[in-house]
Structure formats: C-alpha cells, structure tokens
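Okay, structure first, notes after.
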Amino acid sequence: MNKLKYCFASMLFLFGAVVFAQEVEEKKEREPGHTNQSRFKQLYEEFSTPNTYRSASGAPGPDYYQQQADYKMDIELDDKNAKIYGNETITYTNNSPDDLEFLWVQLDQNVREKDTKSALRNGNGVNFAYQASNFAQTYITESFDGGFNIESVKDASGKPLSYTVNQTMMRINIPQALKSGDQMSFSIKWWYNIPDHTVNRARSGYEYFPKDGNRAYVIAQFFPRMAVYNDVEGWQNHQFWGSGEFALPFGAYEVNITAPADHVVDATGVLQNRKEVFTKEMMKRYEQAKKSYDKPVLIVTQTEAEAKEGSFSEKKKTWKFKTEPGNLVRDFGFASSRKFIWDMQAVKLANRDVMAVSLYPKEGNPLWEEQSTKAVAQTLVTYSKHTFDYPYHKAISVHAKNQGMEYPMICWNYGRPNEDGTYSDRTKYGMISVIIHEVGHNFFPMIVNSDERQWGWMDEGLDTFMQYLAEQDFGKNYPDVIAPNAKYPSRRGEASKIVPYMSGDQSRISPIMSNPENVYQLGPNAYGKPATALNILRETVMGEELFDHAFKTYAQRWKFKHPTPEDFFRTMEDASAVDLDWYWRGWFYTTDYVDIGVKGVKKYYVSGDKTKQMKEYMAARNLTDADLPPLVYLVEEGSEDYNEGLKGKAPSEVAPTLKEFMMDNMTAEERAQVKEPKFFYEVTFNKPGGIPMPLIVEYKYADGTTESVTYPPEIWRKNDAEVKRVLSSEKELVGIVIDPKLETADIDTTNNSWPIKDEKSDFDQFKEKVKGK
Ligand SMILES: [Zn+2]
C-alpha cells in the first residue's frame, strides 16, 4: 500500500500537480494576515539566552548557584491577645559570584498594615452584592493593624543594623558588602497582631469558634524571610501585593514554638522533643501509626480534644522543630490549637516510608477523619511516582475554614460538613481535591522551587496537572469513596474543562506567561489552562511515555533548585526529541484558542483518459505522448472532464489498473496482495483558531467501519488557515469527525463534522413533538 501511494503521488508531483499547485493552489490558500511560519518559529526571541548558569538543555549549568538562608527562631503565640512574637537569627550565605551591598528581607505581613497600599492597587466600582463581613471590613470598621512591628535588627555582635522598609520589603544596610562566598548572621526581633483569616481572607491567621471561645491558628509568612537573589532577577524584591505568591531561598530551620500548654502544635520540620510534649498514651499511638500503612491512627481523639476546649491553660509548652540535614526547606509554617484532633499513618514510597498526618477541629468531622489522611497518602504516592520520592519525613493536612494554602510539610485545607455532620458530594470532593492540591505543592514549588511571585503557573499549573493524575488514582484506589464505577470528578485537567475560559472575552484573558498580579482570572490562567495544556501534551501531543520521562527529568534536574519557565520548556524538549516551541508559543505565550474544522470534501475518480487541462499543458509545450511516461488523472466529480466521460460510471469502470505502475522489485505475490483504492477524496481542513494542534480525524465508511488518523501539528506549518489531504480508499467515505474524543479543547465543535450536521434537526424534532401533542 505504501509503495503504491509513493509511486502514484510522485507521478502527480512531477506533472499535472506541479502546475496546479504552483500556479493556482498556493495563491488561493494563502489568506492575508496569516504569517504562516510564525507559529512554528523557534522561541529564540522569547527565551533568554542560555548561559553557564542555565544550560540550553534546560538543566542547571556548570556555574549554577543558589543562596542559602538558615533560620533559628524562638516564637511565642499569645492566644489570649492573638499576637505572635518572634526573635530570629538568619545566617545568609552568598554563593553568588557577586558582592552584595545590601540584603533584602520580605515583610509579607505588611500587606496587612493599617495604611497598606495593597488595598489601593485595584480600581473598583460598586458591586451588585457584598459579603457582609468584607463590606464591614472595607467601609465600616477601622482597618486591621496587622503589619510587622520590628523591634530590632542587629548584627552577630549585637550591634544595631540600619534598615529601610519599603512596604513589604526591608533593605538591611550592611556596613560592608557581603563578598561572594561569604556568610553573615543577623537577628530580627518582631511581633504582630494575628488576623482572623475568615474575615480577612488572609493566607494565615486564626479562626474563632464562638461556641467554645477557642481559636485555631494556621500561621505562615509570619517571620521576616530572605528574598531570593539569583542569576535571573538579581534580588527578587517585587512587592507582595496579595496575588503573586512567594519566592524564597532554601535553608535549614530550627524553630522553638511556645504555645499554651493544652495546645497541639505541628509544623515544618522534625519534632525534636516529642517525649516532652506528648503524653505516654500519645507516644504509644504514635509508634502504632508508624507501622499502620492501611489506615490512620488517632494520636489525639475527638473526645480528648473536646475535653480540652474549656481548659484554657495558663501554662506554656515549647515545641521544638528542626529540619533534617541535607533536606533543604524554603519556608516554615505551623498550626496550633487545643481543639485539634490528630491522626497519622505511614506511607510506603519506592525507597522509604513517610508519615501522612491530619489536624482538624471537631467541626471538620466526620469528613476529616474519613478522608483527609487518605488523600495525603495518595498524593505522596502519585506525585512521587511522577517526580521523585517525597524527601521529607511527613506531610500534614490542617483543616482551616475556606483555606487552601501550602508550606513545606504542612498545608491548610477547606471542606467543612454541616453542623449536623452531613455533607454534600461537592463538599467531599472539594475537600479531597484541595488536600491533594496543597499537599502536592510540596513538590511544586516547595522542592522544585520556582519563583511564584513572577510565575504563578510554574507551581499552580504543574501542581494542578499532577493533582488531576492523583485524583484519578484516588478514584481507582478508593472506589468506596466515589460513586461505583465512576471516575473521580476532577474539576480541572480535562480538555473540555478549559473551553469556556479560552473561548471567553479576549479582553479579560492574559497569556499564561504573565505575572499573577496582572491577570484577570487567576484560577483559569495559572491553574486550569496550564494544567489542561500539560494534560493534552501528555495524552495527545507527546504520549504518556515521552511526556512522563521528560516531566520526571525536569523534576529531578530542579529538585531543591530554582527553575525558570525556560528550564521547564527546554527540558521537556531535551528529554523527548519533540519540538514543542509551537506548543509553548500557542498555549503559554498567547491567548489564542483551538478551533479546527472540516471545511469540505471533494470526490475524485481515477482515470486513464487525458484531461482537458493535461491536453492544454501538452499543447502549450508541444509535447506528444511519446515525451511522457504513462499518466493517470484524478477527475473531480461534477467537473467538465467528469461530465464528458465519467458521469454515471462506477469507480471500478474508470480506474486503470494501478497495479501496473507498481515498483519493479515487487514480486508478483506482493503485488497481488496490494489493495487497489477505488475512491479518492480531497478533504479540506480549516483552522479558525490560532493554536496549531494535531489534526485528529475519524473517517467513517459506507460499510460502517471507521479509521482514525492523527496528522502531526506540523501539518499547519506552511498554511495556518487551511490544509488539504488526499484520501485514497477502497471504501466509500460517508463521514468525517474531527477530534471525536474532544481531547484538544476545540472551542467550537459545530465545524468538526462532515457532512455538516443539521443544527436545526433537534429543534425541528422538538417542534414536531409539540405539534403531535
Ligand atoms: Zn495552589
């Protein structure tokens, strides 16, 4: 079959088709406004030039470096007054080749200063409805004073250091430059008022429970943190306005947290004084949990937690946490409350065991004791499989109202049942999904440490993509949790889920490659669209094998390092031999959408009789039959040649025996086995959408069979608007469907089939029904 096609096609190329293609067809196909090659042009102009820090392969270069910031902190939580006090020593190592004249420290809590400019950065008109608490915060009550109070900044010898605060950034004016390769220590003493995160929509704070008078704290961004200095941005000191998240260097942490003695505290890092802060009973249960791989063990039961709700201990207890040597951490968070129920189980990864942990007040039950730790465990297993074994010793999911926020080893998650303990499927799946998502952030950006302030999609997009895979695994592993034989109802990931966004109002869409502060719809922009883009890349463009290897290569190359978008884009190509510049360009650098259709089908007959066009061609050049090799012609149904000689004949009557033209070196046997096509069609596909995609076509034949063909995206490289394909077949073609499984996020499927579906038929049927009644 292949040999025949080759032979036949090359003949046409040599003669009639050359004329047709050059003189008529190409002119007709090019439409104004389409600069055809640009969509497949390599991204040299968009990408930064590779250098010795970052290689063209997408791997860290030979001179790659990163700074290190180690923290020793004493923290005190004043539960009565909802204040937090800290005294921290930062040891900063300058691994860069540059001498640094000053250091930048992030004061994220200053976004909650009384006179914060963050609230003034958005233009706002009158809304049609307001959440009462937000309205009161904005227009009625005096604004909350939640900024840092810096009491002192001192060098290692205790001498005050001069500093300048610019909103959420503090410049430490060191007396001499910190030389390349040198290290310096300095301390900061601070305190601030903890906000009620349920009112302030903060990523950190407390929830107050009026029924028992308790608070549950989820505390993060709570200490002055070093900014990143690197080869890409210099100091990443872009202000924290609220949407763009964080950029943080790696380091080691030693943190002592003093809280009321009846509180349960868990945090980033390994608990150092477990025997001091645990009761004997808790120790016993903890040892059981370390061996329990199938279900969580309660360390603090609901009964025990409830019993403490009225105790309000005046005593204090200090919980000591320390990160493991060699296991770098980029941040620190903790949770504290006397209301917390606590459960844990062990999780087996390829080469090690880790602990899946949950903390929740009774308000989270029964949902939390049923699902949280299960979701944590599934996340660790699925993500580890696709990246690297989870390197930390535990992953904690803390229940906090309306929260979904991540820190190393610990995260806050929503999902609260009704007061009577009942809950909807929506609450259940929302809770499982947010836990998978936030625990998943341990991988992106806590370990593969991208710059969230600049690129929201690098952590949110990659994490949401992985979340989809983990949710699907969860559905398979816990069929009792979801409806029988159903898939896990993922909210994001599948191609069809992003269509409403990509087909929406262009003036409210930004490219994925945008700063999170500057986009209108951060959810679809930084989460949904990149997740879908990666899912399509995996399932439709690259295939699972090539994608998974390349994605894992990226994760392993940049584990405990700071990647940029180019490092990701380049690695995916480097490890797969798939040119994806067109894909990154379409999906990540533009707001284009996918829309591919079938425009029309022409039927042709193969004939041995000279066509009118051929006769003219020969006459113009004074050619005779003797000057030419044997020729065959494709004659369009309805054309002049067709009407004169072929009309009414069956294809078999007009086709010359094409087998005559087969390769000389084929044996008679081989020749006999070759099937001879009877039907020829020219199919025109068009692409109203900007993004080139593989052209996935299902051909349907009169005998009821179908054939699926995927033409590579490069089919669009020379003509961005329209392409044609000649289809040869032994069977009569009766239908064509583009993207039959809806895997490309095609925004308009009304042009995806031939013959064109009668759009009115449903309505007509409906009318007839109504009339009949
Ligand atoms: Zn996220």
Side-chain angles (χ1 to χ4, degrees), residues 264 266 270-271 274 278 280-305 340-360 362 364-399 409-411 413 415 417 421 423 425 427-440 442-443 466-490:
V264 158
D266 209 349
V270 183
L271 181 59
R274 194 176 301 275
F278 271 35
K280 276 208 180 104
E281 186 60 34
M282 284 165 75
M283 279 307 291
K284 215 175 84 190
R285 294 168 183 170
Y286 174 68
E287 292 305 324
Q288 283 171 2
K290 285 203 282 189
K291 284 173 242 139
S292 177
Y293 294 94
D294 57 338
K295 59 176 189 296
V297 173
L298 283 159
I299 310 296
V300 176
T301 66
Q302 178 159 340
T303 318
E304 289 160 352
F340 283 146
I341 302 160
W342 205 357
D343 74 43
M344 302 181 189
Q345 79 167 67
V347 182
K348 214 172 239 334
L349 302 179
N351 296 308
R352 59 198 303 263
D353 286 4
V354 297
M355 296 299 280
V357 183
S358 299
L359 276 174
Y360 41 95
K362 67 170 189 288
N365 267 342
L367 190 53
W368 273 69
E369 64 182 17
E370 289 165 3
Q371 308 298 348
S372 175
T373 300
K374 225 184 255 179
V376 176
Q378 183 63 62
T379 310
L380 297 176
V381 169
T382 301
Y383 279 63
S384 294
K385 189 175 74 192
H386 286 274
T387 56
F388 41 78
D389 267 7
Y390 181 67
Y392 301 136
H393 71 296
K394 69 179 171 192
I396 313 162
S397 160
V398 185
H399 176 41
M409 303 171 221
I410 192 166
C411 55
N413 300 303
Y423 51 84
D425 272 1
T427 301
K428 178 178 75 179
Y429 292 127
M431 174 245 191
I432 295 169
S433 288
V434 74
I435 293 173
I436 291 174
H437 181 94
E438 306 307 342
V439 172
N442 274 296
F443 294 82
M466 282 298 308
Q467 176 194 341
Y468 171 75
L469 300 183
E471 285 170 353
Q472 295 307 312
D473 283 352
F474 186 97
K476 283 176 215 147
N477 290 342
Y478 300 104
D480 52 316
V481 179
I482 62 166
N485 304 320
K487 274 176 76 178
Y488 186 94
S490 292

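Values reported hereafter were calculated over all heavy atoms of this structure, with side chains retained and with hydrogens, waters and symmetry mates removed.
Ring pair F443/Y383 is tilted by interplanar angle, where 30° to 60° counts as tilted. Ring-plane geometry between F474 and Y478 is classed as tilted, the angle between the planes lying from 30 to 60 degrees on a 0 to 90 degree scale. Ring geometry for F278 against W342 counts as perpendicular: the plane angle is over 60°, on a 0 to 90° scale with 30° as the lower cut.
No salt bridge links D389 with R352; every basic N to acidic carboxylate O contact stays at or beyond 4.0 Å. A salt bridge does not link K290 with D353: none of the charged nitrogens is closer than 4.0 Å to a carboxylate oxygen. A salt bridge links E304 with R285: the distance from a Lys NZ or Arg NE/NH1/NH2 to an Asp or Glu carboxylate oxygen falls below 4.0 Å.
Between I341 and the choices L359, V264, N365, the side-chain contact (heavy atoms from CB on, under 4.5 Å) rule is met once, by N365.
Between the side chain of N442 and the backbone N or O of M409, at least one donor-acceptor pair lies under 3.5 Å. Using modelled atom types, no side-chain atom of H399 and backbone atom of W368 make a donor-acceptor pair closer than 3.5 Å. In this structure a side-chain-to-backbone donor-acceptor pair under 3.5 Å is present from S384 to L380.
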request  = For side-chain hydrogen bond (donor to acceptor under 3.5 Å, both in side chains), just list the numbers for S397 and S358, CA-CA rounded to whole Å, side-chain angles, deciding distance to a tenth of an Å, and then say yes or no.
outcome  = CA-CA 5 Å; S397 160; S358 299; 4.6 Å; no

key: Verdict with supporting geometry, S433 and Y488, side-chain hydrogen bond (donor to acceptor under 3.5 Å, both in side chains)   = CA-CA 10 Å; S433 288; Y488 186 94; 2.8 Å; yes

